[in-house]
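Note on naming: letters A, B, ... go to the chains in the order of the sequence lines (proteins, then strands), and numbering restarts at 1 for each one.
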2 protein chains.
Amino acid sequence: MTVTIYDVAREANVSMATVSRVVNGNQNVKPATRKKVLKVIEELGYRPNAVARGLASKKTTTVGVIIPDISNSMYAELARGIEDIATMYRYNIILSNSDQNENKELQLLETMLGKQVDGIVFMSDTISTELLYEMERSPTPIVLAGSIDESATIASVNIDYYGAAYEAVKKLIGNGHEKIAFISGPLTSKVNKDYKLKAYRQALQDAGIEFDESLVVECNNSYDEGIAAVGSLKELKPTAYFVSNDEMSIGVIHAVEASGLHIPEDVEIISYENSKLSRMARPMLTSIAFPLYDIGAVSMRLLTKYMNKEEIEEKQVILPYRIEERNSTKNT
Amino acid sequence: MTVTIYDVAREANVSMATVSRVVNGNQNVKPATRKKVLKVIEELGYRPNAVARGLASKKTTTVGVIIPDISNSMYAELARGIEDIATMYRYNIILSNSDQNENKELQLLETMLGKQVDGIVFMSDTISTELLYEMERSPTPIVLAGSIDESATIASVNIDYYGAAYEAVKKLIGNGHEKIAFISGPLTSKVNKDYKLKAYRQALQDAGIEFDESLVVECNNSYDEGIAAVGSLKELKPTAYFVSNDEMSIGVIHAVEASGLHIPEDVEIISYENSKLSRMARPMLTSIAFPLYDIGAVSMRLLTKYMNKEEIEEKQVILPYRIEERNSTKNT
DNA sequence: CTGTTAGCGCGTTCAC
DNA sequence: GTGAACGCGCTAACAG
C-alpha cells in the first residue's frame, strides 16, 4: 500500500540507511548510488513519512500558533506574518483560535505540546498566572506575539503601547483639545488598561487637564460599539477621540457625522491599528501604526532562534511604531 | 527526561497496554486500576506523544488547510469556519497560504500528505489539471471549499455563483438600469469568468440589453482598483455597478461620490460578499451574501465524513445564497 | 479485565 | 561509502 524507505532500499539494492542518507541530503553517499536511489524514489513515488521521522528525530518541523480569532483582521495579519517566516524556515503551522478563553488556551497549549511542535507562538490580551506557569515549564520554546508578560520570563515581541498612546493623546492636546474621549477596547486587556489608559491619563495630566472618567468608554472593539460609544458621550461633547482600533473608529466617524458635526473641523479622531480600513474610511483615519504583520514575522524569527538553540541577544523585542497622519485630524 | 507510557506503567504496576487503555478511554479497565493509573499519570505529568500515536495508529487527528491568503478577510472567515468544526471533531489544523501559486499549491499538498494529515480542505480560484490529478490520486480525502472542479471528481462545497450573479444583475435591470458595469475580480478565476460574467451577460441578454464589453472591468479585488475602475468608466457613465466584492465596492462608492453623483439616487451598486464591511460603508451596501464561514464549516464537516468513511449522500454541496438589501440600491 | 508481543517508518550509532 | 541493528513512544491484536 504505502511505499516505505524499505521498499526503495530493496528496489535499489542498498540498505535503508543509505536511502535515509540521500533523502536527508547527507553527503556520505557515492554519487552513483545516490542517483540510483533517487531514481527508485521517483519510480515508486516514495514520500517520506514525516510522522515516523518526527518520532525518530524528535523534531516535527511544525510550530503551534495560538491566537484569539483568525477571522479578526488584526490576528489574521499577525498570522500571515508568522506563516511567511515559518515557511521561509521550512516549518508548518498548526493554527488554533482561543477566543481569549483561558481554559481553551491552556488546553490548546497542552494539545500542541502533545503534538510535539518544535515551538509555539502565542497571543492573548491577558496572560493568567496559570498560563504563565505552564509556559515557563514548557519543554518547547514559546514566544509571545503582541502580548504582555510583565514578569518578562517568556520571550515576546511588542511595540511601545504606552508611548504610542501617549503620543496620540499629546497630539490631540497639541491641537487644542481638552475634552478628549478615549474609546477603549476591553479593559480586561492589559494593553488597554495598563498602557493605553495610563498613557492617556498621563498625557492629560502633563498638560494640566483634569482626568474625567466618564470620557473613557469601554467597548468590545466592534463597529457597533464605536457608534454606541459616541451616543453615550453625547452630553459631554468631546471634541476629540482617541480610539483603540480602526473598526471602532469608523463607527465613531459615522456617529459623529450623523450628529451633524464635521471631521476634522469640529471633531478630531486618532485611531490605533492602521489597517487597510483606515484608508477606506471617509475621512481617512489618522492612526497609530500597529505593525501586526511585523510582530508576527519577528516573533516567528525569534522562535526559530530558540528552536535552533541560538544565542538570543534580546528576549523582549520592542518594534517601532509611528503615527500615520491622514484626514481625521488637522495636520500642520 | 520525557515521561513515557512505560514509566507510568512501571510506576502503577500495570502493563503499558493498560495505561494505553485508560488514556484512550477504553472501557475494559477495572475502575480501581483506572484510578490508580490516572493518579500516576497526574503525578508524573505524563502527556501522550501524539507523534508516536500517529505512527502506530496511522491517524494524526490533524487536517491540512490550503488557502490563498489568511490575511484576506474572506479566506480568514473561511478558515474560521473550518477550524470551528475541526475543533468540534477534535482535529487540529495545519494552515498554509498558497497565494494562488500553482507550484506552491502542489508543494503544499505534498507536504501535507507527507505529514500524514487525515484530510485536506483546499481552496483556490482555479484548479489546474495537474493539481486535479494529484488530488485524485491522493490517499487521503480532500474537499474543495468555495472552489470549482467541473469534472466533479473531488468533493466540494460552493454556492450557486451563477444564480446569485444573475439575480443581482436582474435586480439592477428591474430598477431600470441599462448601463450596468461589472467590476470583476481576476478573470483567471473560474468563478468570475465562467459564472459571474456569464450570468451578467445572460441577464442582460434576457432583458434585451446589448452586452458592452467595455463595461466589464477586471480588477485585483482591491479597494484601490475599485476606485480606478470607476475612473476608467467615466465616459461610459454607467448608472449601476455589479461589483465582485465588498472592498472594491467601497472603492466604487467613494469614486462615484467623488464625481458628484449620489448613491442610490443616481447610481446603484450591488456587491458580492456581504462581509461586515458592507455595513460599515456609507451608504451601506446591498450585497449578495457569500457565506464563507458556512462554506468552511460545511467543507470540514463533509471532510469528517470522508475521514470516518461514512456514507456520503452529496458529493457536490451547494449552499444557499441570498441578497441582503441595504442602501446602495433603491428598494421597494 | 490485563499483559505480551509485534510492528508503525525512519534516524542513527557503530562496525565493516 | 555502506549496512545491521536498535530505539523513538505508542496502538493493536492476541492470549490468557
ask   = Using a cut-off of 4.0 Å on non-hydrogen atoms, how would the nucleic acid contact of A/Asn13 be classed: base, sugar-phosphate, or nothing?
value = sugar-phosphate
[X] and [Y]: side chain donor to acceptor below 3.5 Å:
X	Y	result
A/Thr62	A/Lys115	no
B/Thr153	B/Lys315	no
A/Asn26	A/Arg34	no
B/Ser20	B/Asn24	yes
B/Asp84	B/Tyr293	yes

task = Between protein and nucleotides 8-16 of chain D, map the contacts as a letter string: B base, S sugar-phosphate only, - none, heavy atoms under 4.0 Å, written 5' to 3'.
result = BBBBB----
query = Could A/Glu311 and A/Lys305 be called an ion pair, given the rule that one side-chain N must be under 4.0 Å from one carboxylate O?
reply = no
Closest contact, heavy atoms only, A/Leu78 versus A/Ala145 = CD1-CB, 4.0 Å
request  = Would you name the heavy atoms of A/Lys59 and A/Asp118 that are closest together and state the gap between them?
outcome  =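 Nearest heavy atoms, A/Lys59 then A/Asp118: CA-OD1, 3.6 Å.
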task = Just report the end-to-end axis angle for the helix from C/dC1-D/dG16 to C/dC16-D/dG1, five pairs per end, to 10 degrees.
result =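 Answer for the end axes of this duplex: 30°.
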ask   = Given the rule in the side chain to side chain contact (heavy atoms under 4.5 Å, CB included) test, do B/Asp149 and B/Glu136 qualify, once you have shown the distances and angles that lead to the verdict?
value = CA-CA 11 Å; B/Asp149 156 32; B/Glu136 282 169 12; over 6 Å; no
query = Roughly how many Å is it from CZ in A/Arg10 to P in D/dG3, rounded to a whole number?
reply = 14 Å
query = Can you pull the contact range of chain A along DNA chain C, 5' to 3', using atoms under 4.0 angstrom from its heavy atoms?
reply = C/dG9 to C/dT12
task = For side chain to side chain contact (heavy atoms under 4.5 Å, CB included), just list the numbers for A/Ser147 and A/Ile127, CA-CA rounded to whole Å, side-chain angles, deciding distance to a tenth of an Å, and then say yes or no.
result = CA-CA 8 Å; A/Ser147 310; A/Ile127 295 172; 4.0 Å; yes
